[in-house]
Amino acid sequence: MVGAEILYTVAALIMNYSSEAGSKQQLQPAMPSIMIEPAGSKFSLGLREIWNSRELFYFLAWRDMKTRYAQTAIGAGWAIMQPLLTTLVFTVVFSYWAKVPSDGLPYPIFAYAAILPWTLFARSLERSTLSVVSEGGLIKKVYFPRLIIPVVSTFINLVDFAVGFIILGAMMLWYHVWPTWGIITLPLFVGMAVAASLSVSMWLSALNVKYRDVASVIPLVTQLWMFASPVLYPSSMVPERLRFLYGMNPMAGVIEGFRWALLGKAHPDWKIVLVSSGVVLVLLLGGVIFFRRVERTFADVI
Amino acid sequence: MSDVAVKAEGLHKRYRLGSVHGPQSAIGLLSRGMQGLFGRNTEDCETRSIWALRDVSFEINRGEVFGVIGNNGSGKSTLLKILSRVTEPTKGRVLINGRFCGLLEVGTGFHPELTGRDNVYMSGAILGMKRREIDRKFDEIVDFAEVEQFIDTPVKHYSSGMYVRLGFSVLAHMDPDILIVDEVLAVGDVRFQKKCMGKMEDVGHHGRTVIMVSHDMSAITRLCKRAVLLSQGQIVREGSAYEVVNEYLYMGHIKPFCEWPDLLTAPGDEIVRMRAVRVKTESGTVTEGFDIRKPIGIEIEFDVLEEGHVIVGQFSVQNEENVVIFIVNDRDPAWLRRPRAVGRYAATAWIPGNMLSEGVHTVSAGIMTEDPFRLHCDTPRVVGFRVHENGTGPTARGDFTGRWPGAIRPLLKWTTQYIPT
């Protein structure tokens, strides 16, 4: 949830900035006045509006939480089962059989520390790609900032993520892996993981409105994407000259950062982290702009 | 602060059929790309768009109950979607002063797995209510919906009536400055509909602006002061709700005559068949418009095919609320209880001037035989006419220009005596 707060702070800062710019309007809260017209050349990110609908954000997230595990037998247990089982399988296959190195760390914890942010990312992609289309009923009936939809679908995964952290803590105790002072930067990397998930989610959810192919292709994409990220293997296995290109994958930097902040991995590749951060920022900004551009036609296309 | 609540200026909305129903798959996209290469695409796109709204402008004042009427496909829904910001106009703009609530559907945002309580909060939040506001109104909402007992049951177990009542209740308690109502009154049982109507009237009286879309013309005339009539995306009439409703009914299905040139398909049987029904003036002109002071002739023309029956024409007159004003049978003394010979007859009845109210009236005509009674044909609302008043001359209304209710409007004889005390 720390990531969420960081994002909020950032959002609030941007909003304050934009409110200064738009202070000429001086809207009376009692009698708000709006102008509906074709957006045309005028364009705003509309972050203030999103900030004003934060209660709707909470309610949508709360609804998703409440209905998510409705009529399931072990409910939130799935949040723990999935990454644990994945780690188990990976450990057997990649560590015992394939002898993949793990930067001197016990392989299970090495893998789990990556699976945690990776699951957040992959789930966000899967959920939010479908999110706008599945809220079609709402979109066609009532106005609210549409951007909230993929944002909720991404943030909701932070709950599973937080539960997963408890397991990580237990594993660290078990393997006697102690965090270094680097752990204080963990919120930054959580924020980066959320931002990476959010940025891709915005693109995909908006694209899926018009091209439903996106939803079909996502499982394949996330699978391949995982192999392009240092989840199963250390980034040190990537040839030095390819590191820059490798960093273009936003999750490469996120996972690298996680391993370093949590497990005190000896030699993180800061080049990867830096390139990834840049890519995340560009994707995020581009995602918001793209989403805002196409959201106007959502109701006509869904 | 101005008195205008909603101001629409030159609204246009174009739907591109090509992109909506067209390539939504990669193959479609590829094929369109190919078409583009051969340069046939652009022209195609131009022709495959429709204007759902064309140059729609209107103003709604604060506190006004404003009606929007029109046939299906006339652009009403598109207009509402633009007003509630679901979709944006292609051209033109709307200024909205005040907190706005698009009420396009009852139960917006309801999730079947959530309880009634949760859904009240959910739906309220989606419609733009603050949590504290919902807290404050919660009991009132549940009370109005009459679902206290089931408030903690998931709504998937609700009856459709309960679901709709709860949905409406949330909307009704939104407390917006401007409210859109689209056919919601057509839900629930009659008793709940009345309750909703009451609530709507209430809303209107509290200085709020209501935009109402309905096919129920009596609701429009009852609740709205002004209205617009949309047809093929354009406003064809704007004015008092009463006038506009008349115009709509007129546009919809009335014409002053109906003729059946083919004897075999004309309504009736082997004894008698109807050949024409006409609405005419004293001078014999067939027309749909009548001055309220002038008599209106209803003519039924029929062919008698078998000799020896006592044949009686009849008709009824309905007003725009579908209330039957009267039913009459042919009581012409010349033909009373007298069998007719084979041949064509035209029977005309005269409705005196200063009898019917202003507005559109429809006529249902029939032919029957007496002794034994048998109805040979019945043509519901086959013709219609409009009664108007131009405000001069001796009428019940006199110089008053406001709305004048009443199914009939007789000019009665009044006598007054001065009583010295």
Side-chain angles (χ1 to χ4, degrees), chain A residues 27-40 49 52-72 133-146 148-149 207-214 216-217 295-302, chain B residues 1-2 7-9 11-13 15-16 19-20 23-29 81-105 107-115 118-119 121-132 134 154 177:
Chain A
L27 305 178
Q28 274 177 279
M31 201 55 102
S33 160
I34 47 167
M35 179 66 89
I36 304 167
E37 56 192 330
E49 192 183 30
N52 286 339
S53 345
R54 58 192 180 281
E55 277 204 351
L56 177 59
F57 169 86
Y58 295 138
F59 273 119
L60 283 172
W62 165 77
R63 179 198 67 180
D64 280 2
M65 283 311 302
K66 260 198 140 164
T67 55
R68 182 172 194 175
Y69 297 113
Q71 296 204 352
T72 57
V133 171
S134 63
E135 296 292 1
L138 266 187
I139 286 175
K140 289 172 104 160
K141 293 294 175 204
V142 63
Y143 176 78
F144 56 93
R146 276 74 168 97
I148 283 188
I149 297 172
L207 277 172
N208 190 51
V209 172
K210 204 165 178 191
Y211 305 109
R212 303 287 156 88
D213 317 68
V214 175
S216 318
V217 102
E295 71 170 358
R296 294 178 267 145
T297 58
F298 280 176
D300 302 340
V301 179
I302 287 176
Chain B
M1 183 127 314
S2 75
K7 185 176 182 181
E9 289 170 0
L11 281 185
H12 286 75
K13 174 72 186 178
Y15 282 109
R16 280 207 188 84
S19 66
V20 177
Q24 277 182 306
S25 63
I27 294 166
L29 185 71
K81 277 187 177 173
I82 289 175
L83 290 179
S84 51
R85 299 175 74 194
V86 166
T87 184
E88 72 167 9
T90 312
K91 257 195 277 178
R93 54 188 196 167
V94 191
L95 175 72
I96 290 177
N97 281 318
R99 182 167 137 163
F100 190 85
C101 167
L103 205 158
L104 300 184
E105 197 181 71
T108 305
F110 273 26
H111 193 287
E113 296 283 352
L114 293 179
T115 66
D118 295 345
N119 271 314
Y121 279 92
M122 196 62 237
S123 187
I126 287 171
L127 293 166
M129 272 161 117
K130 295 274 171 237
R131 191 204 192 108
R132 258 181 302 166
I134 308 173
D177 303 310

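Protein chains get the first letters and strands the later ones, always in sequence-line order, with residue 1 at the start of each. Predicted model only: the values in this text are computed from it and were never measured.
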Interchain contact, B:L83 with chain A, by part (heavy-atom threshold 4.5 Å): backbone
What part of B:K130 gets closer than 4.5 Å to chain A, counting heavy atoms only: side chain, backbone, both or neither? both
Do you know which two heavy atoms are closest between [X] and [Y], and how far apart they sit?
{"X": "A:K141", "Y": "B:V86", "result": "C-CG2, 3.6 Å"}
{"X": "B:K81", "Y": "A:K140", "result": "CE-O, 3.9 Å"}
{"X": "A:D300", "Y": "B:K13", "result": "OD2-NZ, 2.9 Å"}

Sort A:L138 into side chain, backbone, both or neither according to what part of it lies under 4.5 angstrom from a heavy atom of chain B. side chain
Contact origin within A:I148 toward chain B - heavy atom pairs under 4.5 Å: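 For A:I148, neither part sits under 4.5 Å from chain B.
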To the nearest 0.5 Å, how far apart are [atom1] in [X] and [atom2] in [Y]?
{"X": "B:M122", "Y": "A:T67", "atom1": "CE", "atom2": "OG1", "value": "9.5 Å"}
{"X": "A:L56", "Y": "B:L127", "atom1": "CG", "atom2": "CG", "value": "9.5 Å"}
{"X": "A:L60", "Y": "B:H111", "atom1": "CG", "atom2": "NE2", "value": "10.5 Å"}

Atom CZ of B:R93: over 12 foreign heavy atoms under 6.0 Å: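 No - once you tally the heavy atoms of other residues, nucleotides and ligands closer than 6.0 Å, there are 12 at most.
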Backbone of B:R131 reached by a side-chain donor or acceptor of A:E55 within 3.5 Å: yes
Give the intermediate values and the outcome of side chain to side chain contact (heavy atoms under 4.5 Å, CB included) for residues B:I126 and A:F59. CA-CA 9 Å; B:I126 287 171; A:F59 273 119; over 6 Å; no
